[in-house]
Amino acid sequence: MNNWFALHVETGRELTVVRALRRIDIRAIVPMELRRERCNGQMRKRAHVYVPGYVFVHLDASPETYYQILGVPCVFRFLGGGTPDRIPDGQMQLMLALAEHGETGRPAPARLHDGLTTITGGPLARMNPKIISANLRNGRAVIEVKVLQKICRASIQIQLS
């Protein structure tokens, strides 16, 4: 039976690790989004990783696969060490929703009601993430994500509807 696991990898090398894992037929994702940024007076899009230093893999936890993955350059370890910790389905659904949100390249639709911002559409809406803060002027919101008992914060693009 296949489960989701988290790999601790070299920060900034997440996509390199994903490409290497896909070459050996291992399903791997990095939740990320394309952000519009100003650089030298020009607007450009740049990929931004939601959870820097981590790659999520879907696989069977056989010893052969375990050591094959540890042999990939820039991979430090599985979270959980020698017996990797399986990511619970509820938490992984949020990571998958973040990955899907990033692939769309569009801001998450949001609504402001009674001073609270809520996400109303897109892949993140069904997860009902906890919004910590929202900067409506910049079109960004900070949400909390729990991964293996660790609270991670992710900044996402939003657009008020």
Side-chain angles (χ1 to χ4, degrees), residues 2-19 21 27-59 69 74-81 83-161:
N2 289 346
N3 292 305
W4 283 98
F5 300 92
L7 295 176
H8 183 208
V9 302
E10 186 177 335
T11 302
R13 301 286 187 191
E14 296 89 357
L15 292 176
T16 303
V17 170
V18 166
R19 283 191 290 274
L21 291 170
R27 183 176 176 202
I29 65 163
V30 176
M32 57 191 302
E33 72 175 341
L34 289 175
R35 287 188 180 172
R36 290 175 43 101
E37 295 180 345
R38 184 176 303 280
C39 181
N40 296 327
Q42 304 268 335
M43 291 303 286
R44 65 183 178 107
K45 289 187 178 182
R46 191 186 78 136
H48 173 77
V49 176
Y50 283 123
V51 189
Y54 293 94
V55 170
F56 300 93
V57 293
H58 189 243
L59 50 89
I69 289 172
C74 303
V75 172
F76 297 134
R77 64 185 176 93
F78 277 88
L79 285 188
T83 53
D85 292 333
R86 179 182 141 332
I87 299 177
D89 292 336
Q91 292 176 14
M92 197 57 217
Q93 285 178 356
L94 185 54
M95 289 292 113
L96 291 169
L98 283 170
E100 185 182 337
H101 168 70
E103 288 173 3
T104 66
R106 293 185 304 256
R111 182 173 55 121
L112 183 63
H113 181 68
D114 292 336
L116 295 174
T117 306
T118 56
I119 295 174
T120 58
L124 292 175
R126 63 181 174 265
M127 298 287 108
N128 197 19
K130 181 177 179 183
I131 297 179
I132 303 303
S133 65
N135 183 333
L136 304 178
R137 182 173 172 257
N138 292 337
R140 306 224 43 91
V142 176
I143 62 171
E144 273 192 350
V145 180
K146 189 173 183 180
V147 180
L148 293 177
Q149 310 309 320
K150 179 181 176 186
I151 301 291
C152 298
R153 289 190 174 185
S155 176
I156 64 166
Q157 293 180 13
I158 60 170
Q159 181 175 5
L160 290 180
S161 52

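Arg140 CZ: more than 12 foreign heavy atoms inside a 6.0 Å radius.
Checked against Val9 for a side-chain contact (heavy atoms from CB on, under 4.5 Å), the options Leu15, Val30, Val17 give a single hit: Val17.
You'll find the side chain of Phe5 stays beyond 4.5 Å of the side chain of Ile69, heavy atoms only.
Ile156 CD1 to Ile119 CD1: the interatomic distance, rounded to the nearest 0.5 Å, is 3.5 Å. Considering CZ of Phe56 and CG of Leu21, their distance stands at 13.0 Å, rounded to 0.5 Å. Within the model, atoms CG of Asp85 and CG of Asn3 stand 11.5 Å from one another, a figure rounded to the nearest 0.5 Å. Between the CD1 atom in Ile132 and the OG1 atom in Thr117 there is a gap of 11.5 Å [rounded to 0.5 Å]. Distance check: Leu59 CG to Leu7 CG gives 8.0 Å after rounding to the nearest 0.5 Å.
In plain terms, the two heavy atoms of Val18 and Ala28 that are nearest each other are CG1-O, 3.8 Å.
Side-chain atoms of Glu14 come within 3.5 Å of backbone atoms of Gly53 as a donor-acceptor pair (strictly under, hydrogens ignored).
The ring-ring contact (aromatic ring centres under 6.0 Å, His included) test applied to His58 returns Trp4, not counting sequence neighbours.
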